[in-house]
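What follows is a set of notes on a single structure, which appears directly below.
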Amino acid sequence: MSDELEHNEEAFSSTPDYLGEHEDTSGDTIIKVTGMYREWFLDYASYVILERAVPAIEDGFKPVQRRIMHSLKELDDGRYNKVANIVGHTMQYHPHGDASIGDAMVQIGQKDLLIDTQGNWGNIYTGDSAAAPRYIEARLSKFALDVVFNPKITDWQASYDGRKKEPINLPVMFPLLLAQGAEGIAVGLSTKILPHNFVELIEASIKHLEGKKFKLFPDFPTGGIVDVTAYNDGLRGGKIRSRASISQLDKSTLVINEIPFGTNTSNLIDTILKANEKGKIKIKKIEDNTAAQVEILIHLPPGISPDKTIDALFAFTGCETSISPLGCVIEDNKPLFIGVSEMLQRSTDRTVQLLKRELEFQLDELEEQWHFASLERIFIENRIYRDIEEEETWEGVILAIDKGLQPHIKHLKRPVIEEDIVRLTEIRIKRISKFDIDKAQQKIESLEDSIAQVKYHLENLIAYAIDYFKRLKKDYGEGRERKSEIRIFDDIEATKVVIRNTKLFVNREEGFVGMGLRRDEYVTDCSDIDDIIVFTEDGKMVVTKVSDKTFVGKGIIHVAVFKKKDKRTIYNLIYKDGSRGATYVKRFAVTGITRDREYDLTSGSAGSKVLYFTANPNGEAEVVTVLLRQSGSIKKLKWDLDFADILVKGRDSKGNIVTKYAVKRIELKEKGLSTLKPRKIWFDDTVQRLNVDGRGELLGEFTNEDRILIVKQNGIVKTAIPELTMHFDDDMIVLEKWVPQKPLSVIYWEGEKELFYVKRFLIDSPDREELIITEHPKSYLEKIFTDYRPMAEVVFVKDRGKDRKDNLEINLEEFIAVKGITAMGNQLTKEKVLEINPLESLPYSPPEPIPTEEMEVVDEEEVNEEDTEDTIENSLNNLPSEDDTPPQMDEEGQTSLF
């Protein structure tokens with residue numbers, strides 16, 4: 001900052017001469033303003049930085065906050081005070097209006113740490129403001145009285161008008177700045193320190209004192225879910241992603257119970273309504289039931305996916321926010337940029353020094369008490385007070401007492417001074433007459449024990465500081481557990497979760513596509529942020545952003561919404577290479593592209609033309625019939641071509657030769673099945689999402705008809721087709737691939753009969769959620785087994801005065817037959833059960849499934865140019881020979897386009 005000031009001084013020193021003081025032609029004097037801007041601006045900037053916006057590293061307070069706390073301490077008598085009175089009292093120290101003081105006090109009160117509030121102090125969830133200062137009351141909390149104040153170790157300064165003394169910094173013995181957080185915008189800089197968890201800060205301070213490493217992450221009073229991957233210790237360039245906690249209440253209702261930091265329910269609902277108006281999401285209505293806790297109900301229209309809507313809320317509304325921290329504090333009247341770890345280290349080290357000063361003051365006081373208690377005992381026990389009976393002057397009294405004490409003070413720790421003797425003369429006769437030597441000795445010994453203890457603490461200062469932090473955690477840590485759940489977020493692709501809020505149209509002849517061509521052919525529903533892929537009859541392909549009207553090329557044969565990195569959509573293509581070239585066939589996927597770039601899917605020869613084209617979402621391979629034109633000696637004019645024989649390659653592949661002769665037309669003979677292998681799906685427990693990238697636990701290989709089995713702790717069982725956008729509840733206890741023929745075995749507690757029951761069943765209605773325990777409120781799911789032949793061990797309760805019964809091993813397959821899912825089941829035992837443990841299941845060999853023919857998708861970068869001239873091995877045998885007599889040419893003279 002000093003370099004910047006020097007630069008500014010050089011800049012201002014070059015001020016033109018016309019700004020100096022001189023007389024103009026009219027005789028008026030022009031006042032010299034050289035340097036005024038520099039001095040005024042820098043004074044103002046320094047004032048705002050130091051006195052208004054940025055907190056001090058020593059105690060974590062901005063000046064207004066420190067003055068509020070000091071005023072609360074001066075007014076403290078254990079009872080509540082009107083906030084209006086506190087604000088007025090604070091104005092003795094803070095030279096600004098009452099509004100700034102009141103707002104700052106409300107912010108401190110809403111953090112529920114330093115101020116004990118009474119009345120309507122606003123609501124951090126809804127954004128409602130506090131009542132007027134005359135209606136609300138406050139007093140210092142027990143925590144504030146414990147850790148913030150100690151006048152004996154506080155440095156003081158004069159207030160702005162010199163009438164009062166205020167603390168330079170309060171002796172805060174706790175990382176208060178990190179607990180409360182701070183935000184301020186000054187001139188030329190700003191600060192944004194996020195709040196952290198009370199208990200975690202204490203534990204981190206203890207680890208620092210023990211020489212161990214620690215990590216700190218924010219914890220917000222509004223709760224929610226946070227991704228701290230890029231926190232960067234709270235330094236510039238870091239980022240926190242904060243999300244609302246959204247769960248599915250039922251098939252058509254979502255509920256928000258926690259909101260992101262920095263927003264409130266009113267603002268959040270506004271962003272949801274705006275996204276609905278723009279068509280990004282689709283909701284029926286929204287209810288705000290927030291009071292002491294957040295509850296926002298979002299009702300969905302029929303047919304809208306709750307999982308997809310949750311992702312859309314994160315993508316298009318304030319349900320996800322990004323926060324950029326910036327750790328800036330004041331140290332020695334200068335801004336200092338440091339991370340939260342260093343802030344905690346400095347705060348903890350300062351706490352140790354404050355504890356040392358506190359102990360030193362305590363030791364001085366104890367030694368003074370011991371010194372006077374010893375003098376008092378000597379004075380009374382040796383009846384030195386009688387030596388002053390004959391003295392007539394004050395000086396004589398002092399000398400007589402001093403002389404009488406001399407034989408008895410060798411064991412004292414400091415010399416006897418006149419002030420000590422004066423205190424002895426102030427002892428009342430009543431006290432002397434009732435003086436108890438034994439009690440006096442006990443008091444001295446007690447003081448000596450206290451002195452020894454304080455000295456021990458000073459010698460073991462770090463251990464004393466650790467015990468101090470442990471006491472704070474024990475006394476004030478209850479109910480201050482972490483509110484924000486730390487989780488790694490998955491990236492949400494907006495195009496995958498956005499509601500298709502518009503329609504796509506095409507004019508094939510003219511070559512236009514867009515949302516505004518309402519008089520032309522309808523293609524599909526889409527959103528206004530989608531990309532579309534277009535194929536034309538000359539073998540060109542282009543991907544472009546959807547718009548009202550875009551020209552992509554005449555002769556459009558296929559248009560659809562484009563999905564990035566989609567390896568499962570396979571395009572089957574037969575094209576003629578140039579006007580006189582051979583006919584080729586190819587299969588390919590389109591994964592990565594450059595938007596608005598035209599790609600040639602043929603060999604690039606002029607006059608190339610597409611003869612046959614299909615887009616297959618699951619890699620289907622159909623069978624087509626190729627019909628040749630009658631020409632020359634060709635004998636075989638018709639044969640079948642199976643696309644399953646064609647290897648899927650990159651889009652740049654030239655393809656395999658179908659024939660060198662002219663093709664009359666190509667007809668679809670038989671629709672094909674998918675040639676792609678089942679898709680492997682994993683579950684990543686870290687982000688609680690499904691993926692196909694190999695992260696987490698492999699659930700299995702899935703075809704289009706396969707489902708996953710989900711069981712919740714509350715006894716709800718359901719199956720679902722796996723989608724990467726699915727959300728899972730925290731009470732999920734089973735997630736695996738569903739095998740319809742494999743029974744589920746359940747042991748549950750029946751609340752009405754107060755006994756354990758066993759049942760085995762198959763899921764008959766995969767599209768419906770089922771409750772597999774009884775509806776009694778005390779019923780609960782104990783164990784669920786998904787193996788074919790499960791085993792369980794029952795441990796019984798030991799009766800008083802009797803031996804414990806032997807554990808019971810149960811083969812659930814033999815214990816009960818497979819029944820309906822709504823059946824109550826069989827009683828497990830009438831004995832009292834201590835616990836039920838799963839055992840290793842009995843071996844079972846399921847029947848071998850019929851293997852699916854596998855067809856891998858070859859990435860474009862793996863395609864070799866040498867592969868472009870491959871031929872179809874299986875089809876070559878059916879191709880006509882060049883010696884065959886060509887048939888007569890068709891009158892049409894053209895090939896058919898399908």
Side-chain angles (χ1 to χ4, degrees), residues 55 57 60 110-113 124 174-184 190-246 257-263 294 314 318-329 336-349 351 469-470 472-473 476-492 684-689 730:
I57 184 65
Q110 288 179 342
K111 291 171 182 175
D112 192 29
L113 186 62
I124 60 172
F174 179 79
L176 190 62
L177 177 58
L178 295 176
Q180 294 196 124
E183 185 174 359
S190 64
T191 185
K192 192 178 186 71
I193 302 168
L194 303 179
H196 295 71
N197 181 258
F198 182 90
V199 176
E200 291 176 6
L201 289 173
I202 293 177
E203 292 173 347
S205 294
I206 293 173
K207 286 183 179 179
H208 171 61
L209 293 173
E210 293 175 342
K212 299 178 182 178
K213 294 183 178 180
F214 63 88
K215 286 186 178 180
L216 289 174
F217 299 115
D219 184 26
F220 302 128
T222 54
I225 311 169
V226 293
D227 185 344
V228 298
T229 307
Y231 185 42
N232 194 29
D233 203 41
L235 291 166
R236 184 194 303 272
K239 184 177 73 170
I240 286 285
R241 294 168 65 189
S242 177
R243 283 182 178 176
S245 178
I246 310 176
N257 295 118
E258 296 174 356
I259 59 177
F261 178 69
T263 187
V294 173
F314 292 144
C319 289
E320 178 176 333
T321 60
S322 179
I323 307 165
S324 298
L326 176 57
C328 179
V329 294
L336 176 67
F337 294 90
I338 57 175
V340 296
S341 296
E342 188 174 349
M343 289 183 198
L344 183 121
Q345 291 170 3
R346 287 172 177 249
S347 173
T348 304
D349 293 340
T351 297
F469 279 111
K470 288 181 178 178
L472 291 183
K473 180 180 177 180
Y476 307 107
E478 185 177 354
R480 298 190 181 276
E481 294 79 13
R482 169 169 282 277
K483 293 184 177 180
S484 299
E485 179 187 354
I486 296 177
R487 188 187 296 176
I488 298 175
F489 293 167
D490 56 327
D491 293 325
I492 297 173
D684 188 348
D685 187 58
T686 304
V687 298
Q688 294 280 300
R689 301 297 286 271
D730 294 334

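Below, each value reflects all heavy atoms present in this structure, side chains not excepted, and no hydrogens, waters or symmetry copies. Note that the structure is predicted; figures quoted are calculated from it, not measured. Along the sequence shown, residues are numbered consecutively beginning with 1.
Evaluation of the side-chain hydrogen bond (donor to acceptor under 3.5 Å, both in side chains) rule for Arg480 yields no partner, not counting sequence neighbours. In this view, Thr321 and Ser242, Pro260, Ile323 satisfy the side chain to side chain contact (heavy atoms under 4.5 Å, CB included) rule, not counting sequence neighbours. Here Asn232 pairs with Leu235 under the side chain to side chain contact (heavy atoms under 4.5 Å, CB included) rule; sequence neighbours left out. Here Ser322 pairs with Lys239 under the side chain to side chain contact (heavy atoms under 4.5 Å, CB included) rule; sequence neighbours left out. The salt bridge (charged side-chain N to carboxylate O under 4.0 Å, His left out) search around Arg487 returns Glu485, Asp730, not counting sequence neighbours. The salt bridge (charged side-chain N to carboxylate O under 4.0 Å, His left out) search around Glu481 returns none, not counting sequence neighbours. With sequence neighbours left out, the side-chain hydrogen bond (donor to acceptor under 3.5 Å, both in side chains) criterion links Gln345 to no other residue. For the side chain to side chain contact (heavy atoms under 4.5 Å, CB included) test, residues two or more places apart in sequence or in another chain that qualify with Thr351 are Met173, Ser347, Leu355, Tyr468, Phe469. Judged as a side-chain hydrogen bond (donor to acceptor under 3.5 Å, both in side chains), and not counting sequence neighbours, Ser324 has no contacts. Residues passing the side-chain hydrogen bond (donor to acceptor under 3.5 Å, both in side chains) test with Thr222, sequence neighbours excluded: none.
Without hydrogens or angle criteria, Arg482 side chain to Gly223 main chain gives no donor-acceptor distance under 3.5 Å. Not one N or O on the side chain of Ser190 forms a donor-acceptor pair closer than 3.5 Å with the backbone of Gly184. Side-chain atoms of Asp227 come within 3.5 Å of backbone atoms of Phe489 as a donor-acceptor pair (strictly under, hydrogens ignored). With Gln180 contributing its side chain and Leu177 its backbone, the two residues share no donor-acceptor pair below 3.5 Å. No donor-acceptor pair closer than 3.5 Å links the side chain of Asp684 to the backbone N or O of Arg689. The closest donor-acceptor contact from the side chain of Asn257 to the backbone of Ser245 lies at 3.5 Å or more, if one exists at all.
Cys328 and Ile193 get closest at one heavy-atom pair: O-CD1, 4.0 Å. Smallest separation of non-hydrogen atoms from Pro55 and Thr191: CD-CG2, 4.1 Å.
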Please assess Leu326 against Arg236 for the test side-chain contact (heavy atoms from CB on, under 4.5 Å), listing each intermediate value before the final yes or no.
CA-CA 5 Å; Leu326 176 57; Arg236 184 194 303 272; 3.7 Å; yes

For Leu336 and Ile57: C-alpha separation, side-chain torsions, deciding distance, then whether side-chain contact (heavy atoms from CB on, under 4.5 Å) applies.
CA-CA 9 Å; Leu336 176 67; Ile57 184 65; 5.6 Å; no

side-chain contact (heavy atoms from CB on, under 4.5 Å) evaluation trace for Ile338 with Arg346
CA-CA 10 Å; Ile338 57 175; Arg346 287 172 177 249; 4.0 Å; yes

Distance-only donor-acceptor pairs under 3.5 Å for side chains of residues 207-216, two or more places apart:
from	atom 1	to	atom 2	distance (Å)
His208	NE2	Asp349	OD1	3.0
Glu210	OE1	Lys212	NZ	3.4

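Within the structure, ring pair (Phe, Tyr, Trp, His ring centres under 6.0 Å) pairs that include any residue of residues 215-238 comprise Phe220-Phe261 (at least two apart or interchain).
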